[in-house]
There are 2 protein chains.
Amino acid sequence: MDSNILTCALGAVLIMSLVSLGYAIYKTRWIFAQPVGNEKLACISGYVANGAMTFLGREYRVLIPFVLLVAVFLSLANRGQLGFQSLTFALGAACSALAGFIGMKVATASNARTTTAAEGGLSPALVLSFTGGSVMGLSVVGLALLGLFAVIFAVGLAFAGRQSAAMTETGLPLLTGFSMGASSIALFTRVGGGIYTKAADIGADLVGKLEADIPEDDPRNPAAIADNVGDNVGDVAGMGADLFESYVGSIVGCIILGQTAAAASAVREELVALPLLLSALGVAGSIIGIRLVGRGSRTSAQGALNLGSYLAALISALGAYPLFWFVLGNHRIEGAGYNQIYLAFLIGLAAGVGIGMLTEYFTGMHRGPVNAIVKACETGPATTIITGIGIGMRSSFMTILIISTVLLASYMIAGLYGLGISALGMLCTLGIQLAVDAYGPIADNAGGLAEMAEMPPEVRSVTDRLDAVGNTTAAIGKGFAIGSAALTAVILFIAFKEQAGIQSIDLTDPTVLVGLFLGAAIPYLFSSMAMGAIGRAAFAMIQEVRRQFREKPGILTGIEAPDYNRCIDISTSSALTEMILPGLVAALAPITVGFLGGTRMLMGLLAGTTVSGVILSIFMANSGGAWDNAKKSIEEGASEGKGSASHKASIVGDTVGDPFKDTAGPSLNILIKMMAIISLVIAPLLKSYWN
Amino acid sequence: MDSNILTCALGAVLIMSLVSLGYAIYKTRWIFAQPVGNEKLACISGYVANGAMTFLGREYRVLIPFVLLVAVFLSLANRGQLGFQSLTFALGAACSALAGFIGMKVATASNARTTTAAEGGLSPALVLSFTGGSVMGLSVVGLALLGLFAVIFAVGLAFAGRQSAAMTETGLPLLTGFSMGASSIALFTRVGGGIYTKAADIGADLVGKLEADIPEDDPRNPAAIADNVGDNVGDVAGMGADLFESYVGSIVGCIILGQTAAAASAVREELVALPLLLSALGVAGSIIGIRLVGRGSRTSAQGALNLGSYLAALISALGAYPLFWFVLGNHRIEGAGYNQIYLAFLIGLAAGVGIGMLTEYFTGMHRGPVNAIVKACETGPATTIITGIGIGMRSSFMTILIISTVLLASYMIAGLYGLGISALGMLCTLGIQLAVDAYGPIADNAGGLAEMAEMPPEVRSVTDRLDAVGNTTAAIGKGFAIGSAALTAVILFIAFKEQAGIQSIDLTDPTVLVGLFLGAAIPYLFSSMAMGAIGRAAFAMIQEVRRQFREKPGILTGIEAPDYNRCIDISTSSALTEMILPGLVAALAPITVGFLGGTRMLMGLLAGTTVSGVILSIFMANSGGAWDNAKKSIEEGASEGKGSASHKASIVGDTVGDPFKDTAGPSLNILIKMMAIISLVIAPLLKSYWN
């Protein structure tokens, strides 16, 4: 360690990661100290928690051999100290898996407690559900920073006193290994979780709501528990792993871009320190924001959540300026001074908010787009689908306008390094953003439990208000996840070029164009696999629910108890079997193209997948979100109201939207990041293979 | 004209274009000499023909001022002899419009005559409908070649005796002007026609089939005539204009690539002559193929059509070899001799067939994919939609594999010029391929007329058999149209680089990446506009049909006559109003980005739109085709059969698929070609603006 500033940054990262994890533990103990509620609630909530843990346990049992296999491959492919890449890979996987485990454990403990807290009104229920979510947010950023600290610190120790060029040559691959470990877990958690949750949801909806005419979350529905488990598996663990990966990827990418930009080696270490310090600052801002929301609000849950997020963003924005000034001083990076680079940081921070607002417009209730779908429901399911697809596509174009503006503006202001910093800006306050995201499924579950445990209507009304806010935050969270994935992927893509030692890739070279075509087609293949998997899993679930209703007519009259476990088992096995193939596509595509088609075709492939994947992902997420809220609007009395033909049409829209917004769409985020990070890991191999 | 080989090629083109047009006139006279049939048939067919001509007339009245405006702009923007570009632009527009007019006129004259011929069995009905289609095919290739001949001949005359470098400098922009003229008409015809046909179709289906429970093409349905008019407007005129554009674009693109490749000016004129000779050869092959089909078949319509197409392809494949040998001799183009370039030609020819077969697999009846949708229909409309989308996406990936293989193989074998030649190979036998395409809607209309005129069941059975074949040929035709559009766009894209004087475009330059993002998002914006337009138009149509049923209850009992004209008018006005905005997007996007963002961003934009547009287009076309045939399968007795819940679900799928496969999907072909050709036209302006 020969630089004070890097030591200082590592110290800050270590402290903030420990503070973050400590605060998460403190919050977890508080949650477990709260009353679970009456026996029925505790029993049903136990079912959900057991189902979720069973799934996660079985999933990790599939993933551990996979992680070990990749680690062995990495240690065989690399020589010398690079062999440690297999260790950092395993560490990244372990951190991501642990964050997912903690998030799920706490989320499934918070749901029944939120229902019970709802007896005391909105404010305590909000505090409980948000606290549950904040454990997830704090664990993710805490473990991510702790892991990064460990890797960088170890590299620093090993190379103490030696040339910094040798240090970066070994250090960067170790960082990408960590990032790839996080990626691997994220892919399977997102895809597996997405399949689980939607098989259960579609099965529950199609037979329960449309055929048997019983309400959502009715305890008579055999798939009801699986449906609630799915919310945790998909929206808590899946979303957490996704953003863990983006967070790590953006920090690692930014460090790599910094090393390339630092022509004068005098700032080499400063440019490693800067992203670390900014992340530590973001964690501080997030914790303060979380504390603000944790005080609760008597009037508006949305208001409290917004206030906390804005405060965290404000703290980061204000605190970053002195950091940039202190670290960079009079150094110019690619011609840009600290003022310009700070501006790029602000652009990223603002874009995160901008994408959230745009998503809210396109998917929020009582807005033009959702109202258009409500109107289309009056002419049947076909026009409902057509209108929703049109809206999703338009929203996708608009979001791309924002992403393009961020890319262009930060690049023009502060060069490639500015790009990296703007991605970091967007993800800086991830702690609180993830807390807000994870609050949604907890509130949703709390509502489901209230229904199943037949709680009084006042309780249900409070959880409904929490849940409505949760839908909006979920939509915003998805927009944010995609936007940050896009920026992270672009940064990793440019970092790959540096690591593979490529000077320039000519877009009009047909080899590159072929890569572009193939790359752009991969998200379609991947989505079709995900949709197909859900189709098969949902079909099995539908047959099972129908079978139970047929063979035990007492279920519908409330005399017989449905067999929840069969449904949980169908979702679990389907998810675990069906996640393998899309996972292999994501992992093998860049390796195959890289070694058979060459680095030029691989660059084309990455660019194609990034661009096409981002657009497809936004389209799917927003169409799905808009259909969901169109259905909710009708249920709240818009158009012809609940039970009408419009309502049935809106349920079709919502059901089509389910795999769009909760499986295929979000999984694409990981696909694009994972393909980029795998390419980055094999970049040194490709370099020596093709030279 | 200082080269014998070019004179010879121009002679061949002139002769084959005149033969083609002469043969079309001869066939037209023959069709008009056939009996129309009984009075009721003649009356209904007159309605359809009138509706189609009214639409085309009103559409052209909108387009003429637009064409004049662009022509004025072109003559202002260009100096000297380049001012003639406005003339070639107008000529291209006029040729395309004339081909559309002839095709529609003959198609609407052939439908009733096919119904009448069906009284005599399959063979005469096949001959009549196919002859109607072949007039379209022959007119398109005849007018395209005649126009190209006129432009090249005029350039040759004007530059007689002067340096060939000056000639290409003026000649190429005049050719791109012609191509852009064809493009403009194609865009509006495809988009306008697509909106027309689907507004009518959805309106007729949703109210007629699902609500009033009357069969398709029932004369009691007020939208029935508009629906049949739509088939002609969309599938005949729209498809014709689309492929006219691809045909011209691939020839022009190939000539430009040839001029760049011809480092040794000794082969400059040979490389202009080669594409012309190959096209003339393709026309000859097509005419022989058409004559073979024209003999009819007692047993299988599909067999006869296939035989004709294969014969035409075989003649082109065999005849091309001596041509390559004769024209190129011992010259090597980018290192490739005539053998290699001939191989690239064969690859293109084979890929056209390959894409057709793949499309047939994914959308054909009694195949895995369509059967999967049939099964999904049993669990309701939502799973029907999800399964269909998954299948469309998978087919899209597979088709991209073929396109990528063609691009890579022809480039590796014969360089950039090989790419151009392979696109030409695919489009070489367009004459007969378009004849087969246009046969479909004629057969469809013949069936509709048989139903409306209450013809005996034997007649309906013959037209049903023709129509079933037509569905397959339509799917194959769409796959072919997209594949050829993809290759054409790639060639125009590379030609743009040459014309704009760009050396290399670095894919990792963020400016290029931003272009790529924006470009990839444009097909989504464009599709959302098209879907939105159909949503609005179909809504108006649905309200109108419901109103008529409500206000005149006698319509359903057959006592009162419905008001067909109101429905025709709704479709016409919607189409004309709604085609403007997407048209402007396509036209203005490359101009805006080119002048504001620069040529690098424009190159990114074009690459993004091409890649994303092709994939989205295939996905939409094939999902739509598969839903259509899933519905047909159920109507023929698969699953729970006609009138069941499965059948209703399949109708929802089909209705969602309608705008996918007949409006948004095919319009994207034009979008990508048009953006490329506009860029090519403004390339000289951009070059001087940015230097």
Side-chain angles (χ1 to χ4, degrees), chain A residues 202 206 210 376 379-383 385-387 389-391 393-394 396-397 400 403-404 407-408 411 416 419 490 493-494 497 504-508 510-514 516-518 520-522 524-525 527-528 531-532 534-535 538-539 542 603-604 607-608 611-612 615 619 652 655-656 659, chain B residues 202 206 210 376 379-383 385-387 389-391 393-394 396-397 400 403-404 407-408 411 416 419 490 493-494 497 504-508 510-514 516-518 520-522 524-525 527-528 531-532 534-535 538-539 542 603-604 607-608 611-612 615 619 652 655-656 659:
Chain A
I202 293 178
L206 281 189
L210 281 182
T379 41
T383 43
I385 302 291
I386 293 173
T387 310
I389 288 178
I391 284 168
M393 288 182 159
R394 201 163 79 233
S396 183
F397 177 80
I400 292 295
I403 293 175
S404 299
L407 287 174
L408 197 63
Y411 172 66
L416 286 182
L419 262 185
V490 168
F493 170 73
I494 296 173
K497 175 197 165 198
S504 165
I505 293 290
D506 185 9
L507 177 60
T508 60
T511 323
V512 178
L513 280 177
V514 166
L516 206 60
F517 266 112
L518 290 175
I522 285 180
Y524 284 76
L525 176 67
S527 300
S528 83
M531 309 275 283
I534 289 173
F539 191 78
I542 289 168
M603 292 289 284
V611 165
S612 151
I615 295 168
F619 152 52
V652 172
T655 311
V656 171
Chain B
I202 293 177
L206 282 189
L210 282 181
T379 41
T383 44
I385 301 291
I386 293 173
T387 311
I389 287 178
I391 284 168
M393 287 182 159
R394 202 164 79 233
S396 184
F397 177 79
I400 292 295
I403 293 176
S404 299
L407 287 175
L408 198 62
Y411 172 67
L416 286 181
L419 263 185
V490 168
F493 170 73
I494 296 174
K497 175 196 166 199
S504 165
I505 292 290
D506 184 9
L507 177 59
T508 59
T511 324
V512 178
L513 281 177
V514 166
L516 207 60
F517 266 112
L518 290 175
I522 285 181
Y524 285 76
L525 176 68
S527 299
S528 82
M531 310 276 281
I534 289 173
F539 191 78
I542 289 169
M603 292 288 286
V611 165
S612 150
I615 296 167
F619 152 52
V652 172
T655 311
V656 172

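Protein chains get the first letters and strands the later ones, always in sequence-line order, with residue 1 at the start of each.
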Inset, instruction - Give the member of B/L516, B/I505, B/I385 that has the highest number of heavy-atom pairs under 4.5 Å with chain A. - result: B/I505
Inset, instruction - For residues B/S528 and A/G390, report the shortest heavy-atom separation together with the two atoms involved. - result: CB-O, 3.1 Å
Inset, instruction - Report the option among A/I615, A/I391, A/L419, A/I494 that has the most heavy-atom pairs separated by less than 4.5 Å from atoms of chain B. - result: A/I615
Inset, instruction - Would you mind telling me which of B/L408, B/V652, B/I534, B/T508 has the largest number of heavy-atom pairs within less than 4.5 Å of chain A? - result: B/T508
Legend entry - Reported OG-to-OH distance for the pair B/S612 and A/Y524, which is rounded to 0.5 angstrom: 5.5 Å
Inset, instruction - Would you please test A/I202 and B/I386 for side-chain contact (heavy atoms from CB on, under 4.5 Å) and show each step? - result: CA-CA 11 Å; A/I202 293 178; B/I386 293 173; 4.0 Å; yes
Inset, instruction - Report the option among B/I522, B/V512, B/L525, B/T655 that has the most heavy-atom pairs separated by less than 4.5 Å from atoms of chain A. - result: B/L525
Legend entry - A/I542 versus chain B, the contacting section by heavy-atom distance below 4.5 Å: side chain
Legend entry - A/F517, part contacting chain B, at a heavy-atom distance under 4.5 Å: both
Inset, instruction - For A/V611 and B/V611, run side-chain contact (heavy atoms from CB on, under 4.5 Å): C-alpha distance rounded to whole Å, both residues' side-chain angles, the deciding distance at 0.1 Å, then the answer. - result: CA-CA 10 Å; A/V611 165; B/V611 165; over 6 Å; no
Legend entry - Separation of A/T383 OG1 from B/F539 CZ (nearest 0.5 Å): 8.0 Å
Legend entry - Chi angles and distances behind the side-chain contact (heavy atoms from CB on, under 4.5 Å) call for B/D506, A/D506: CA-CA 5 Å; B/D506 184 9; A/D506 185 9; over 6 Å; no
Inset, instruction - Using a cut-off of under 4.5 Å on heavy-atom pairs, state which of B/P381, B/P510, B/G535 scores highest against chain A. - result: B/P510
Legend entry - Proximal component of B/A520, with respect to chain A [non-hydrogen, under 4.5 Å]: both
Legend entry - Proximal component of B/L416, with respect to chain A [non-hydrogen, under 4.5 Å]: side chain
Legend entry - Chi angles and distances behind the side-chain contact (heavy atoms from CB on, under 4.5 Å) call for B/L507, A/F493: CA-CA 10 Å; B/L507 177 59; A/F493 170 73; 4.1 Å; yes
Inset, instruction - Select one option (side chain, backbone, both, neither) describing which atoms of B/T511 are under 4.5 Å from chain A's heavy atoms. - result: both
Legend entry - Contact winner vs chain B - A/I403, A/I389, A/T387, heavy-atom pairs under 4.5 Å: A/I389
